[in-house]
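The structure under discussion appears below in the form of structure tokens.
As the structure is a computational prediction, the values presented were derived from the model and not from experiment. So that the names make sense, note that chain A is the first sequence line, chain B the second, and so on, each numbered from 1.
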Amino acid sequence: MAVISIERMGLLSVVCVSLFFSSTFAVDRGNFKTCDQSAFCKRQRALKPGQSPYRALLETLELSDSRLTLQLINDNNKVHLLLELYRLQGNMTRVKINELKPLKPRFEVPDVLIAEPPTEPLSVLSKDDNGVVLSLGAENQRLIVSARPFRLDIMEGPEVLLSLNSRGLLAFEHLRLHKDTQAQADGAEVKESVDGDQQQDEGKKDEDGESEKEEDGLWEETFKSHTDTKPNGPTSISLDFSLPGVEHVYGIPEHADDLKLKTTDGGDPYRLYNLDVFQYELYNPMALYGSIPVMLAHNTQRTMGIFWLNAAETWVDISSNTAGKTVFGKMLDFVQGSSEKPQTDVRWISESGIIDVFIMLGPKPSKVFSQYASLTGTQSFPPLASLGYHQCRWNYNDQEDVKSVDQGFDQHDIPYDFIWLDIEHADGKRYFTWDPHKFPQPKEMLQGLMDKRRKMVSIVDPHIRVDSGYKIHNEITSKDFYVKNKDGKNYEGWCWPGNSGYPDFTKPEMRAWWASMFAYDQYEGSMENLFTWNDMNEPSVFNGPEVTMHKDALHGKWEHRDIHNIYGLYVQMATAEGQIQRSGGVERPFVLTRAFFAGSQRYGAVWTGDNAAEWDHLKISIPMCLSLGLVGVSFCGADVGGFFKNPSTELLVRWYQTGAYQPFFRAHAHLDTTRREPWLFGPENTALIREVIRQRYALLPYWYQLFYQAHKTGMPVMRPLWVDYPKDTATFTIDDEFLIGSDLLVHPVTEEGSRGVTAYLPGAEEVWYDVHTFQKHNGAQNLYIPVTLSSIPVFQRGGSIIPRKDRVRRSSTCMENDPYTLYVALSPKKFAEGELYIDDGHSFNYDTKKEFIHRSLTFANNALTSSNLCPDCNFLTSSWIEKVLILGASKPSKVLLKMDGKETPVDFEFDTSMSVLTLRKPGMNAGADWTLLLQYQRYFQC
Amino acid sequence: MTCLHLLLTLVFAVSLGTPVEIQRPRGVPLTKKQFYEESKPFTCLDGSRTIPFDRVNDDYCDCKDGSDEPGTAACPNGSFHCTNAGYRPMFIPSSRINDGICDCCDTTDEYNSGAKCENTCKELGRKEREVLQKMAEITKEGFLLKQQLIEEAKKGQQEKQSKVTDMQENKKQLDEKVEALRTVKETAEQPEKEAKERHLKAWEEQKAAIRLEKDKAKMAETFLELDDNADGFVSVSELQSHAELDPDADGTLTEIEAQGLMGGAEQVDTSTFESVWPKIKDKYHSEVSREEADISCLVRCLLCLCVVQAQPTIKTPEKTHEDEEAMPPYDADTQALIDAAQKARDDFEEAEKALREMDDQIRNIEKELSFDFGPDAEFTYLYSQCYELTTSEYIYRLCPFNRVSQKPKYGGSETNLGTWGSWSGPENNKYLLMKYEQGTGCWQGPNRSTTVKLTCGKETVVTSTSEPSRCEYLMEFTTPAVCQEPANIDPSPHDHVEL
């Protein structure tokens, strides 16, 4: 939800709004800046690669145990910068560059790193006039600081892994006094657009009047009718990174684009600036609701990451020396032994703040994930129920409506866990309240859901209606917690309620107060099964520049310019904290956010915003969530069915089939669409949707275990194939299929009228089993799969064990004590392994009291064994193992269960056509130690 | 193993005060008891396989159709039967067994989940009986009302039918009357027309005579004006002083041109001027009237109207003269003829109007008669009525067979939620739903439409409205017209209790 539809504005000034927003379908690009329209981007991008004016002053080098500092000087303007280098634990390097003596402090992003990253000793290997060579410890890795011009190279053995400023695009706009006040300022001040300006004919330009010309946008910038006053003048920064041997880079969400990032030559750079984009377009680098400034670089040898910790508006340019080469050209290079090594060059540009970069050296994909997780934390471990199905709509009209939708699920025997209320539920869009006519008895409604063991989410947006009769507004006003405009008055803008204030979530006191508003006695009508949705937290300001907040608005002493991209993170952070606090720290929160930043993974789920009921939007949901997963945010989903417009029945069914295999599974629809609860499309389609939602619920144990793993290690839940097959180049650009964990491969059908899909099954010596038919397929092949409307191509990797709960009930909570079925898919070497994770599904006791079961399941030598991965954990479950399916098995003569020193025979059946062995009701408790032994008579084994 | 597997349960049913004990596997309805015999292997009800009886309800699904686990949640497609003594027996999906939610009022679905269920069957049964009783009463009374409605409708219909017949009879007479009056009128109009024409002609002749005389006078006056030297002749040069007479409109009246006007003569006397006069009279500007006009213009110029208004005064000075006055009144004879004709006309028009009104009335009644007011015309009484419901925000108005509308309670214009479309209930009774379509269009959406759901009630009233989907309204409406004849059987729960 969250758009500017004129109708939704209701009583707002329609005339005023319609000036800003077009009602035609598709984004109004004119509302959003191109690089050319963003003054600093234009200035920075005007610089072309060349000799850097920066020089390292080696004599200033200071080395403490783990930190090296060194001054840099820009020979054009003589401004000194301070370079800090850290070697961080876990094979990472941190590079910080700030002004040595800024006129006033420059913003450094707080609250993203979970702690000051632990360092490791750096040592100088050699030093001369040209530079310094530092040891990065293991792996024969060195960091070379070149002095003239300044550049950094990270080497491993003879190979350069990554270079900084090798193209000379380091550019740091130092703080300066405005011309008007410059008279009394330091006479040595040299004005120019960008400090690092490349001036091959040095000095010449400085004299020819160029410096006198007041360049546009240095001290003021106007876009459409909005003027940004820029009291600090130009403050942008830029740095380039070269990645020799790299042809594939990923990440820097959020963009509605392919998984593999494209080169940006000749177009706009990828933009990172959290924006509420009405009816966004696909396949372009425009900014969307969230920003995570993390890029991964991958080749068959190594995976690396670059984390650019900056919350200001940021643009990322990517170029490649192989881009544009045809396959034939590449082949020719190969045959002729082209001397040119493929290389990707990246350039980051931010409007303010400092350069603070973390270089994650991998080398394996999993290592990069753990490196990034060690900096910004892992995915929060969600309540199990939130992995179920969510039913949302703008809007469920009233309590009666909620009740009848809830009953509809039971009537049609479709499970669901959460029903959602959008903005119309609140009294006049005053969040934390309920419309007295439509929702007069919220507790009664919530109790009704609780009786069904289901839950609800209500929306709480960060724009607060300016209304002296509204408690939240009055308290924020009296505590002086609102963001201020440039003149120091409360900043006000238009959003759903009309004139609204925006709480300053960057203030810890504000966040603490906000969190306290979720207490049961504060948020009247709330109960423990009510959770939260934070929308519009970019923040969205309907009448603001680019539909967001003015950059010269003030958050304490910092400008909105400095903190823009982290505002949304803070909203979700404070909300999640509120949910934790209301339960006395016992219960896990569930909060969905639309805006996000690096670190947002710690607070809940994100979705891809206001998509549309179009096939291309269904397709793009895959790369959009894959990109988020690569940079820490595993709990991702897209509005099933598409938010805007009405989906065809086929599209809706296909979207359910895709969404059921994506981490966050929620159907949502715009106010102006026709109703689309799953049973409104005839019995056949109801059955198709019921079936796929049931598949989701059966797999909840696996999803839950993967989220536990993501929470513990940072491994993405939904992954591109290359993460698990990093040496298989065929996987590098695949984004129409994906892995869930390592063991399920999904190729959703995303084409209208499709009669078949071609799925790539990776792994040269692997096999994959169709999860519906158990048919076995070899890896490393493109497999054509004929499909009907009921088909969802999903494969289980040979060598894996997936626990399922095949008894699907009304909600995930109802399935708590149900037995497991183990799906053991044998590898060609008759081996398989998996895990089983069980806890109470909703509290922090897994963490605080070690109340969980974590078991390893291994099939080897014809024996399936469950062993304890956490011997000092304690949790009792009444779930048991009702069935074991062994795919790719041969028929045994006898099966024995060995447990507690006893052996008991187990009934089994064998399906010869698909080689599936089914062990009937072995019956052991899911938390117990046991072994199932398949016995073969000697003559069968030859 | 942690689950209890109670193969058999004792089911107590209360019937007529005598407890009867029936043994059968949990979740099996009495009607299927015969398939579950403890002493024999069990064959899945779809016949797909046979299993030992101890695998029935052993919490493992052996039959594809789920029939071996009627009392556990093991099969995905199983169903569980609860007897619900005191209320109604029912089947629930077996996935609801032991899921912690009480589904069966007799609590039998939650035998091992720890859910605290209370047996509410008696209470439910009582309530249901109450409701059924109430419903029965309503239905009964409603049905009686419906009979009245049908009677009234029939009567009304007959009345209307006979009224239409009467009216059509009257109409015939009226038709004849109109025709007769038309003849009278036309007969009276002929002499009227002739008399008027005569009168007009006389008037025209009179006017022509006056005009001729005036022209002569004007000519004489002009001659005098032109004859500047008063020698009794108008000479070429005298004529030349009037440049406006220039025939080729080049601004000057040359000597030759003036001579031409004068028929080649150097000068003309009053009698020969008669032949010159027609050539110049249209252009000629009287010296006197020109000055007059200039003066009056000057005066009027003060009002800034001069230029616009002066010109017609100059160009057509005659118009202002008195000679073109109204036609003199008709003479008495003519007037008498006119009066007679007018009366005939009035009589005719009155009759014609009455005929039109009669036609309209007939058409309206016929339109009403053409509506589908139900198999027994029981919905007739709703015609041309309106029913309102006021909610917190709006006043909804249903005018059956006409339109549905919504008006904000506190000011604002009315929105059309649809005009009468059709009956759209299910095939077996289409009279349970009304569809109103093509209301006011929605922004980026369809035209508003409303479905009216009719339920049996003693009163005719709109009970609720909602907008389940954007711009698609649902209205609930009670009316005796949909009350069905009450079944003769007594709706007591005893019929449902299994024995």
Can you find a pair of side-chain heavy atoms, one from [X] and one from [Y], that are under 4.5 Å apart?
X	Y	result
B:Asp62	A:Arg920	yes
B:Ser95	A:Asp413	yes
A:Asp907	B:Tyr60	no

>> Does any backbone or side-chain atom of A:Thr918 lie under 4.5 Å from a heavy atom of chain B? Answer side chain, backbone, both or neither.
In response: side chain
Can you confirm whether [X] is buried at [atom1], in the sense that more than 12 heavy atoms of other residues, nucleotides or ligands lie under 6.0 Å from that atom?
X	atom1	answer
B:Glu459	CD	no
B:Met135	CE	no
B:Glu118	CD	no
A:Arg694	CZ	yes
B:Lys127	NZ	no
A:Lys403	NZ	no

> Non-hydrogen atoms of chain A under 4.5 Å away: do they reach the side chain of B:Ala74, the backbone, both or neither?
Replying inline: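 B:Ala74 touches chain A through backbone and side-chain heavy atoms alike.
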> Considering only heavy atoms, which portion of B:Asp103 lies under 4.5 Å from any heavy atom of chain A: side chain, backbone, both, or neither?
Replying inline: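 Contact with chain A is through the side chain of B:Asp103 alone.
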Heavy-atom pair count under 4.5 Å with chain B, highest-scoring of [options]:
options	value
A:Thr673, A:Asp398, A:Asp410	A:Asp410
A:His437, A:Met815, A:Lys452, A:Glu909	A:His437
A:Lys883, A:Arg809, A:Glu816	A:Arg809

>> I'd like to know if B:Glu69 and A:Lys921 make a salt bridge, using a cut-off of under 4.0 Å between side-chain N and carboxylate O.
In response: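 Looking at B:Glu69 and A:Lys921, the cut-off is not met.
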> Taking 4.0 angstrom as the limit, do B:Asp99 and A:Arg807 come out as a salt bridge?
Replying inline: no
> What heavy-atom pair brings A:Asp451 and B:Ile101 nearest, and what distance separates the two atoms?
Replying inline: O-CG1, 3.5 Å
> How many angstroms lie between atom CG of A:Asp401 and atom OG of B:Ser466, to the nearest 0.5 angstrom?
Replying inline: 8.0 Å
> So how far is it from A:Arg393 CZ to B:Arg470 CZ, rounded to the nearest 0.5 Å?
Replying inline: 9.5 Å
> Taking A:Asn397 for the side chain and B:Glu467 for the main chain, is one N or O donor matched with an acceptor at less than 3.5 Å?
Replying inline: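 Yes, because the side chain of A:Asn397 sits within donor-acceptor range (under 3.5 Å) of the backbone of B:Glu467.
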